[in-house]
2 protein chains.
Amino acid sequence: MTTTTTTSADRPGARVLDHPDRSAIRLEDVLHALADPMRLRIVRRLAAAQGELSCTVIELPVSKSTCTHHYRVLREHGVISQIYRGTAKMNVLRRADLDELFPGLIERVLKAAELQDERLDA
Amino acid sequence: MTTTTTTSADRPGARVLDHPDRSAIRLEDVLHALADPMRLRIVRRLAAAQGELSCTVIELPVSKSTCTHHYRVLREHGVISQIYRGTAKMNVLRRADLDELFPGLIERVLKAAELQDERLDA
DNA sequence: GTCAAAATACGACGTTCCTCGTACAATGAT
DNA sequence: ATCATTGTACGAGGAACGTCGTATTTTGAC
């Protein structure tokens with residue numbers, strides 16, 4: 001197998017993840033990213049944490065592969081940024097970028113989600 | 001044919017359209033509805049009009065059937081309300097309901113769309 | 001009654017989406 | 001080295017989505 005070869009090869013910049021530039025973030029994509037219940041949940045947790053959170057600490061009722069998928073959608077659409085920290089992968093909401101592009105949007109979405117929670121299960 | 005029969009049959013309440021109650025409107029559905037370029041365009045036009053607009057006056061680069069589809073999605077997800085006015089169908093943004101459920105959300109989305117337009121094609 | 005305008009219904013097509021399981025890779029600790 | 005932890009890759013299945021064209025319905029005007 002090429003197993004060990006691959007492992008040592010990517011030492012210098014090891015495991016880099018692609019993030020869209022701020023200028024490449026599109027409103028439709030952000031809305032789409034936020035429109036999924038699992039992803040909205042992730043974003044809410046990240047917003048509440050006001051910092052980085054690993055994938056594992058955000059518990060979701062879906063499989064590991066599905067989690068990976070949702071985090072990737074969020075990252076590729078510019079909603080979060082991800083970096084590897086040891087064996088874990090940390091996630092951060094791209095709050096500054098989003099606020100600059102779409103002032104107040106994230107804040108309103110988060111508030112709306114809260115209000116809906118109160119309205120429905122409270 | 002049963003043509004004439006059908007026609008005369010529905011005179012009293014003729015052609016009623018189903019709209020979700022305000023309490024049935026879900027954030028995820030609204031975000032999903034707004035995430036499509038055609039639908040976002042419709043919503044922006046309706047917001048700018050501050051009143052009702054027929055389907056025809058909002059020009060979209062898609063077929064008639066596709067238009068019908070998008071208007072239906074917006075209506076079924078609680079974003080717009082529709083009524084028949086003669087041979088036309090009028091559309092109105094459900095601004096009051098949306099503002100009550102999700103304060104400031106629509107406003108921020110509209111503003112975000114504007115800013116993005118300036119940023120991209122200006 | 002006929003006609004044109006506006007919109008729907010229906011079926012279809014290809015794409016994207018959300019989900020999963022299994023196998024694999026990368027890292028840090030032992 | 002071995003191992004446990006964490007996340008990825010790679011299909012794959014099934015549902016939902018966006019689009020279309022054609023036939024049809026509804027309505028108002030002639």
Heavy atoms, side chains only, cut-off 4.5 Å: are B:V43 and B:L34 in contact? yes
Residues in contact with DNA chain D, drawn from residues 50-60 of chain A - heavy-atom cutoff 4.0 Å: A:C55, A:T56
Using a 4.5 Å cut-off on heavy atoms from C-beta on, say whether the side chain of B:V30 contacts that of B:H77. no
Side chains of A:V109 and A:L40: does their closest heavy-atom pair fall under 4.5 Å? yes
Check nucleotides 28-30 of chain C for protein N or O atoms closer than 3.5 Å to its own N or O atoms and list the pairs.
none

In whole angstroms, the gap separating C1' of D:dG7 from CD1 of A:I83 amounts to 15 Å
B:L46 pairs by side-chain contact (heavy atoms from CB on, under 4.5 Å) with which of B:V92, B:I58, B:L74? B:I58
For the residue pair A:L17 and A:K89, establish whether any side-chain heavy-atom pair is separated by less than 4.5 Å. yes
Protein-nucleotide distance (A:L17, atom CG; C:dA26, atom P), rounded to Å: 13 Å
In residues 27-38 of chain A, which ones come under 4.0 Å of DNA chain D, going by heavy atoms? none
Is the shortest side-chain heavy-atom distance between A:P61 and A:M38 below 4.5 Å? yes
Validation row: B:D36, B:V73 side chains within 4.5 angstrom (heavy atoms): no
Near DNA chain C, under 4.0 Å by heavy atom, which residues of residues 62-82 of chain A? A:V62, A:S63, A:S65, A:T66, A:H69, A:H70
Taking B:R95 for its side chain and B:A47 for its backbone only, find out whether a donor-acceptor pair lies under 3.5 Å. no
Is there a donor-acceptor pair under 3.5 Å between the side chain of A:R108 and the backbone N or O of B:P103? yes
A side-chain contact here means heavy atoms from C-beta on lying under 4.5 Å apart; do A:L93 and A:V79 qualify? yes
Listed by chain and number, what are the side-chain hydrogen bond (donor to acceptor under 3.5 Å, both in side chains) partners of A:R94, not counting sequence neighbours? A:D97
If we only count heavy atoms from C-beta on, is the A:I42 to A:R45 side-chain gap below 4.5 Å? no
With sequence neighbours excluded, what pairs up with B:E28 under the side-chain hydrogen bond (donor to acceptor under 3.5 Å, both in side chains) test? A:Q116, B:R26
Taking CD1 from A:I42 and P from D:dG7, how many angstroms apart are they, rounded to a whole number? 12 Å
